[in-house]
Amino acid sequence: MADPSSYRPKPGQIPDSPGVYKFRDEHRRVIYVGKAKSLRQRLASYFQDLANLHPRTRTMVTTATSVEWTVVSTEVEALQLEYSWIKEYDPRFNVKYRDDKSYPYLAVTMNEEFPRVQVMRGHKKKGVRYFGPYGHAWAIRDTVDLLLRVFPVRTCSAGVFKNASRTGRPCLLGYIGKCSAPCVGRVSPEEHRGLAEEFCDFMAGRTGTYIRRQEQQMLQAAEEMEYERAARLRDDIDALRKAMEKSAVVLADATDADLMAVAEDELEAAVQIFHVRGGRVRGQRGWVTDKVEAVTTGDLVEHALQQLYGEETGDSVPREVLVPALPEPVEPVQEWLTARRGSNVSLRIPQRGDKKALMETVQRNALQALALHKTRRASDLTTRSRALEEIAGALGLDSAPLRVECYDISHLQGDDVVASMVVFEDGLQRKSEYRRFQIKGFAGQDDVRSMHEVITRRFRRYLVEKEKTGEWTDGEDAASGASEPPADAPLSGGTFPEDDGRPKRFAYPPQLVVVDGGRPQVAAAQRALDELGIDDIAVCGLAKRLEEVWLPGEDDPVVLPRSSESLYLLQRIRDEAHRFAITYQRAKRAKRFRSGPLDDVPGLGESRKQALIKHFGSVKRLRSATIDQICEVPGVGRKTAETIAVALAQATPAAPAVNTATGEIMEDDEDAAPGTTAGPAEEPVTAGASDERRGQET
């Protein structure tokens with residue numbers, strides 16, 4: 001625990017100007033980012049008697065070991081820079097709204113030749129029209145099912161679309177009239193795009209004109225005694241009205257606005273947002289956050305606005321944003337929103353009428369969300385803290401292990417031996433810092449030796465990073481975090497070793513290392529740390545059979561109560577390490593089964609492999625081609641062609657393949673059609689696939 005007075009800037013060094021400041025911990029990691037109208041006044045508030053600070057602010061300033069700042073010209077620039085740094089550094093102590101789901105949107109892919117209507121989550125893509133967000137995906141599908149009767153837009157995937165185009169037969173929706181079947185040419189690309197644009201107009205709230213036009217066509221068809229056509233138009237109008245009824249009118253003047261409400265207590269806050277377009281509620285979302293320091297409702301609103309509109313531009317930012325309290329000052333936030341929209345944005349508190357009544361509804365939703373959150377995660381923070389304290393007591397640690405790393409080894413009968421490293425901070429997953437390893441020191445199956453290698457490699461890298469970033473270079477001034485910049489440079493506090501503050505791969509040590517295994521694996525991990533001279537990191541192992549906790553050098557395990565929070569947390573950490581390891585091992589095995597002779601050609605990437613196969617049709621024909629013929633492939637030079645020819649000449653042809661449908665032995669598996677196999681079947685990788693991509697191979 002650091003003493004804030006040890007790095008407090010000297011009097012007069014902090015400028016009395018707008019700016020953004022960063023607190024860093026002993027490992028140079030940015031732990032808090034803030035902005036201020038006056039850096040001098042704002043930073044001075046942190047260096048007062050600790051008893052006067054908010055409990056979590058007190059924790060932050062005692063965790064930090066330095067502070068630095070950057071001066072900007074205006075408060076709007078400070079707001080933009082603060083948002084950029086929070087996104088870049090992910091500081092531990094900043095207000096971060098969290099949720100347990102990614103809200104679904106109704107998306108229309110207008111960037112494709114034949115636009116598709118579908119459910120989308122995650123980051124927004126360029127050229128795609130989004131409507132929502134919705135609380136549930138089924139709500140989107142119900143709405144789309146009603147509208148496809150009137151706007152028969154394509155909803156199928158690319159694979160289904162291509163297959164229908166190849167066979168000349170549309171899918172079921174094409175036969176029942178809920179798709180215009182552009183795949184078989186029933187409508188032209190221009191006609192289909194027109195349908196998609198009408199669908200977007202209706203979803204955007206321009207409903208009245210379209211329904212009136214449909215009614216006029218229905219009456220005209222009835223007058224002309226085209227009763228079947230009139231009945232179809234009548235049913236279309238009913239479908240449109242049912243879709244509209246799913247989002248009732250809440251603002252009579254067809255307003256486009258977002259309404260935000262906040263419910264809070266001393267420790268947490270819940271934010272609810274209603275998206276109103278064309279006077280109707282088109283979407284709803286909510287977040288919950290821990291109150292890291294003594295923030296006002298206006299501060300919470302400002303952080304929520306940053307998260308809500310930080311990546312949005314144009315019409316995604318409405319003309320009007322209604323909030324329960326205004327940030328202080330409000331002008332920079334309003335200017336920032338206006339810049340993101342490209343036209344004026346009104347940020348205000350509703351005072352009367354329909355908007356105030358709707359705001360009360362949003363507020364009730366926020367209160368219910370906070371109550372539900374507390375019910376679902378009753379004493380969650382207390383529970384995690386108790387679990388960490390129990391672990392510290394059971395293992396004889398001086399303090400609760402705020403950062404825990406867990407390692408597991410995975411292989412299949414000694415092949416594709418890999419290891420995983422998962423990280424939990426404050427009892428929660430830190431997936432961005434997951435790592436994965438290939439065992440390189442030896443071949444075969446030896447979990448103990450593998451564990452020793454992984455721990456050695458991980459903490460050798462930690463020592464290297466510590467040597468690079470763990471020492472100050474400018475003595476007292478550097479430790480204080482303030483120095484005079486050159487006259488022609490932007491004013492910025494602090495002179496440190498060159499370091500951007502982003503999370504490093506292995507720069508941060510855990511307080512506790514957990515290994516999946518018993519006494520042998522624990523001994524191997526402890527031996528690896530001893531060989532590196534690291535003596536301030538605790539080690540334990542969790543054996544699967546009886547869920548015993550093993551400590552280095554102990555003959556008997558520590559047995560935690562079956563119902564204890566500490567054992568439950570250790571089990572979660574161990575199971576996550578196992579899941580991450582086995583996912584990586586399965587992916588490597590599947591890749592090995594799919595490998596071919598071209599995979600061994602040095603410098604040959606996936607694009608040129610595909611170009612070669614497309615040009616020659618198969619590896620067999622490529623093997624019999626001359627160097628000059630290989631050079632005819634775009635992107636392949638003579639040197640690369642010679643390398644390919646040599647590699648294929650040295651490669652042993654694979655065993656004949658068998659057609660599983662007919663039992664026929666194929667001449668060469670390199671020409672085998674889909675549905676044939678010459679080796680083990682590929683095992684699908686399912687669980688944790690999204691997390692697997694987060695891990696970095698070392």
Of all heavy-atom pairs between [X] and [Y], which one has the smallest distance, and what is that distance?
| X | Y | value |
| --- | --- | --- |
| Asp145 | Lys178 | OD1-NZ, 2.9 Å |
| Ser180 | Arg186 | O-CB, 3.3 Å |
| Met421 | Glu433 | CE-O, 3.8 Å |
| Pro182 | His192 | CG-CD2, 3.6 Å |
| Pro115 | Val153 | O-CG1, 3.6 Å |
| Lys440 | Glu453 | N-OE2, 2.9 Å |

Quiz prompt | Stepwise side chain to side chain contact (heavy atoms under 4.5 Å, CB included) test for Asp575 and Arg572 | solution = CA-CA 5 Å; Asp575 293 345; Arg572 282 179 52 215; 6.0 Å; no
Quiz item: Considering residues at least two apart in sequence or located in another chain, which fulfil the ring pair (Phe, Tyr, Trp, His ring centres under 6.0 Å) criterion with Phe161?
Solution: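 Result, ring pair (Phe, Tyr, Trp, His ring centres under 6.0 Å) vs Phe161: Phe114.
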Check whether [X] reaches the backbone of [Y] with its side chain - one donor and one acceptor, N or O, closer than 3.5 Å.
| X | Y | answer |
| --- | --- | --- |
| Thr109 | Val128 | no |
| Arg340 | Gly310 | yes |
| Ser410 | Val418 | no |
| Arg116 | Thr155 | yes |
| Arg193 | Ser188 | no |
| Ser420 | Ala577 | yes |

Find the distance between [atom1] ([X]) and [atom2] ([Y]) and round it off to the nearest 0.5 Å.
| X | Y | atom1 | atom2 | value |
| --- | --- | --- | --- | --- |
| Gln306 | Trp336 | CD | CH2 | 5.5 Å |
| Leu542 | Gln521 | CG | CD | 11.5 Å |
| Phe437 | Ser450 | CZ | OG | 12.5 Å |
| Arg403 | Glu425 | CZ | CD | 5.0 Å |
| Phe459 | Leu532 | CZ | CG | 9.0 Å |
| Lys125 | Tyr130 | NZ | OH | 6.5 Å |

Practice problem: Only one of Val514, Asp516, Val513 passes side-chain contact (heavy atoms from CB on, under 4.5 Å) with Tyr407; say which it is. | Solution: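 So, applying the side-chain contact (heavy atoms from CB on, under 4.5 Å) to Tyr407 and each of Val514, Asp516, Val513, only Val513 qualifies.
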Quiz item: Can you tell which of Glu576, Lys431, Glu405 makes a side-chain contact (heavy atoms from CB on, under 4.5 Å) with Val423?
Solution: Glu405
Can you tell if the side chain of [X] reaches within under 4.5 Å of the side chain of [Y], non-hydrogen atoms only?
| X | Y | result |
| --- | --- | --- |
| Val417 | Asp446 | no |
| Leu612 | His615 | no |
| Ile455 | Val539 | no |
| Trp85 | Val30 | no |

Quiz prompt | Lys/Arg-Asp/Glu bridge criterion (N-O < 4.0 Å) met for Asp408, Arg579 | solution =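 Answer for the salt bridge query: no.
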Practice problem: Tell me, with the steps shown, if Leu512 and Phe424 meet side chain to side chain contact (heavy atoms under 4.5 Å, CB included). | Solution: CA-CA 10 Å; Leu512 175 64; Phe424 276 61; over 6 Å; no
Practice problem: Mind running side chain to side chain contact (heavy atoms under 4.5 Å, CB included) on Ile534 and Tyr462 for me, showing each step along the way? | Solution: CA-CA 10 Å; Ile534 298 174; Tyr462 158 62; 4.1 Å; yes
Quiz item: What's the verdict on side chain to side chain contact (heavy atoms under 4.5 Å, CB included) for Gln526 and Asp530, showing C-alpha distance, side-chain angles and the deciding distance?
Solution: CA-CA 6 Å; Gln526 186 62 58; Asp530 292 341; 3.0 Å; yes
Practice problem: Mind checking salt bridge (Lys or Arg N to Asp or Glu O under 4.0 Å) for Glu82 and listing every partner two or more places apart, or none if nothing turns up? | Solution: none
For residues 635-646, please give each side-chain donor-acceptor pair under 3.5 Å, one per line with the distance, not counting sequence neighbours.
residue, atom, partner, partner atom, Å
Arg638, NH1, Asp628, OD1, 2.8
Thr643, OG1, Lys639, O, 3.0

